[in-house]
There are 2 protein chains.
Amino acid sequence: MPTEPRWLNPREDRAWRAFKHAGHQLDVSLSRHLLQDSGLTQADYEVLAVLSGNSIDRMPARELCAALSWEKSRLSHQIRGMQQRGLIAREPNPDDARSVLICLLPAGRRAIEDAAPAHVEHVRRQFIDLFTPAELDTLATLGERALRHLADEPFGEGPLDPDETPAQR
Amino acid sequence: MPTEPRWLNPREDRAWRAFKHAGHQLDVSLSRHLLQDSGLTQADYEVLAVLSGNSIDRMPARELCAALSWEKSRLSHQIRGMQQRGLIAREPNPDDARSVLICLLPAGRRAIEDAAPAHVEHVRRQFIDLFTPAELDTLATLGERALRHLADEPFGEGPLDPDETPAQR
DNA sequence: GAGCTATGGTTGAGGAATCAACCATTTATG
DNA sequence: CATAAATGGTTGATTCCTCAACCATAGCTC
């Protein structure tokens, strides 16, 4: 049974603050750099990364959502912008008339290939290089433990589309 | 000299993904719970926490900004909303006519006192309780290392108000 | 195969954070 | 002391994300 005081003790508080703050600041810094020297948003980058990573340059929107852990509406909005900039295209999915295939266009591939080196470099400088291999493993282990726990949360997952709530009548 | 390949190796990639993803998911989950059972945003909560924590129930906006690592404009917008909800008040600062004192109102104190127990509880369940004391110390140490490094970044800090850029003419 | 329900996706409104521009006051410089 | 620069805050536009509502197609079940 875990301890249950109303507040965090100093050790707990320190860990919690450091973790939270570090993650956030890292995120801010990396997005800023990414945008600055490639014109891509983190969101843009992640989409292109999945699309270009999976060796097939097209995939149904639903799969992209799952891969990114995004809501479908977010992807939809995001895609619209990227399409206008010529990075990707939409195509009807022959296997399912409701579905849409998101296709990586040459410009999109070029965009991420241009952006990646500098971005990876920043991830190294601001994260990887600060830790020993053993420390990296520790971070991975602890992070994954938290993720596993969150995944089990009853209320935790799923943006709960009103459509998708369990039958109410 | 750190290794410099164009991509992250599997160990690095695992650590980076786990860290990033865990931080984000944790954040999402905690905000959702907080809002759900107290009606407060994370932003609301943080403001109230600083204000109620420092034993003096009022402080200049500038100090609040610093304590939160927020931009001044963000605080300004945030404060407007909280003022309308009667959680805090603004008062002129007798020491500096440009400045504004942000004051914690009774309703604000009540709000965070009501919200805190459940919130702390969630932080425990989803973070603290997953780790041993030694692991918590490790997380604190590693997180702080990252923060220190980010703080030194030449371009990293400060939203660079155009006003505040080094003299340009 | 008619009528549910579930699924894939789009849209529009609203909230939250950022950015640029601005105003007022204070401090530094000559 | 007059003026320039720096500081504390506010505001409005913009972008990004979430939510709720919606449409169309697919899959069941009878």
Side-chain angles (χ1 to χ4, degrees), chain A residues 24-25 27-29 31-32 34-36 39-47 59-66 68-85 90-102 158-169, chain B residues 24 27-29 31-32 34-36 39-47 59-66 68-85 90-102 157-169:
Chain A
H24 183 249
Q25 292 296 104
D27 201 57
V28 167
S29 170
S31 327
R32 179 132 58 199
L34 179 62
L35 185 59
Q36 190 88 23
L40 293 178
T41 302
Q42 267 211 344
D44 296 332
Y45 189 91
E46 286 174 48
V47 168
M59 64 199 294
R62 176 68 181 79
E63 266 181 57
L64 244 186
C65 272
L68 295 163
S69 319
W70 280 12
E71 277 177 286
K72 54 189 189 176
S73 77
R74 180 177 177 189
L75 184 65
S76 187
H77 287 304
Q78 177 69 33
I79 287 310
R80 181 167 36 78
M82 295 179 70
Q83 187 172 11
Q84 280 166 5
R85 285 183 292 154
R90 295 153 188 261
E91 254 185 41
N93 183 344
D95 296 355
D96 184 338
R98 298 167 296 182
S99 175
V100 163
L101 292 179
I102 311 297
L160 298 180
D161 253 303
D163 285 352
E164 294 163 11
T165 49
Q168 302 208 345
R169 56 136 310 112
Chain B
H24 184 248
D27 200 59
V28 167
S29 170
S31 327
R32 179 133 57 199
L34 179 62
L35 185 60
Q36 190 89 22
L40 294 179
T41 302
Q42 267 211 343
D44 297 333
Y45 189 92
E46 286 174 48
V47 168
M59 64 200 295
R62 175 65 180 79
E63 267 181 56
L64 244 187
C65 271
L68 295 163
S69 320
W70 280 11
E71 277 177 286
K72 56 190 188 175
S73 76
R74 179 177 178 189
L75 184 66
S76 187
H77 287 304
Q78 176 69 31
I79 288 309
R80 182 168 36 79
M82 295 179 71
Q83 187 173 11
Q84 281 167 4
R85 285 182 291 154
R90 298 154 186 261
E91 255 185 41
N93 184 345
D95 297 356
D96 184 338
R98 297 168 295 182
S99 175
V100 164
L101 292 179
I102 312 296
E157 194 58 51
L160 299 180
D161 254 304
D163 285 353
E164 295 163 10
T165 49
Q168 301 208 345
R169 51 140 313 123

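Values reported hereafter were calculated over all heavy atoms of this structure, with side chains retained and with hydrogens, waters and symmetry mates removed. The chains referred to below are lettered A, B, ... by the order of the sequence lines, with proteins before strands, and numbering in each begins at 1.
Spacing between atom CG of Leu34(B) and atom P of dA16(C) amounts to 12 Å, rounded to whole angstrom units. The separation between Arg74(B) atom CZ and dA16(C) atom P is 10 Å, rounded to whole Å. Atom CD in Gln36(A) sits roughly 14 Å away from atom C1' in dT18(C) (whole-Å rounding). Per the geometry, CD belonging to Gln42(A) stands 14 Å off C1' belonging to dA17(C), to the nearest Å. For the pair Asn93(B) CG and dG8(D) C1', the interatomic distance rounds to 10 Å; values are reported in whole Å. When rounded to the nearest whole Å, the span between CG of Asp95(B) and P of dT25(C) equals 16 Å. Taking atom NZ of residue Lys72(B) and atom C1' of nucleotide dA20(C), one finds them 11 Å apart after rounding to whole Å. Following rounding to the nearest Å, Leu68(A) (CG) and dT18(D) (P) show an atom-to-atom distance of 12 Å.
Phosphate contact (OP1/OP2 of dA17(C), side-chain N/O of Arg32(A), threshold under 4.0 Å): absent. For Ser73(B) and dG9(D), the shortest distance from a side-chain N or O to OP1 or OP2 is not below 4.0 Å. Residue Ser99(A) places at least one side-chain N or O under 4.0 Å from the OP1 or OP2 atom of dG9(C).
Side-chain atoms of Arg98(B) come within donor-acceptor range of the base of dT7(D), with a qualifying N/O pair under 3.5 Å. Judged by distance alone, with hydrogens and angles left aside, His77(B) brings a side-chain donor or acceptor within reach of the base of dG12(D), the pair sitting under 3.5 Å.
Counting only heavy atoms from C-beta on, Thr41(B) has its side chain closest to dA16(C) among dT25(C), dA16(C), dC17(D). In the set dC19(C), dC17(D), dG9(D), dC19(C) carries the atom at the smallest distance from any side-chain atom of Glu71(B). Nearest nucleotide to the Asp96(A) side chain, out of dG8(C), dC16(D), dG9(C): dG8(C).
Proximity of a side-chain donor or acceptor of Ser76(A) to a complementary backbone N or O of Lys72(A) within less than 3.5 Å is not detected.
Of the two residues contacting DNA chain D, namely Pro60(B) and His24(B), the nearest-nucleotide position lying further toward the 5' end is that of Pro60(B). Nearest-nucleotide mapping onto DNA chain C: of Trp70(B) and Arg80(A), the residue sitting toward the 5' end is Arg80(A).
Within the model, atoms CD of Glu63(B) and CD1 of Ile102(B) stand 11.0 Å from one another, a figure rounded to the nearest 0.5 Å.
Annotation for Leu101(A) and Pro92(A): closest pair CD1-O, 4.1 Å, computed over non-hydrogen atoms. Heavy-atom minimum distance, Ala61(B) versus Leu75(B): O-CD2, 3.4 Å.
For the side chain to side chain contact (heavy atoms under 4.5 Å, CB included) criterion with Arg32(A), the lone passing option out of Leu35(A), Val28(A), Leu34(A) is Val28(A).
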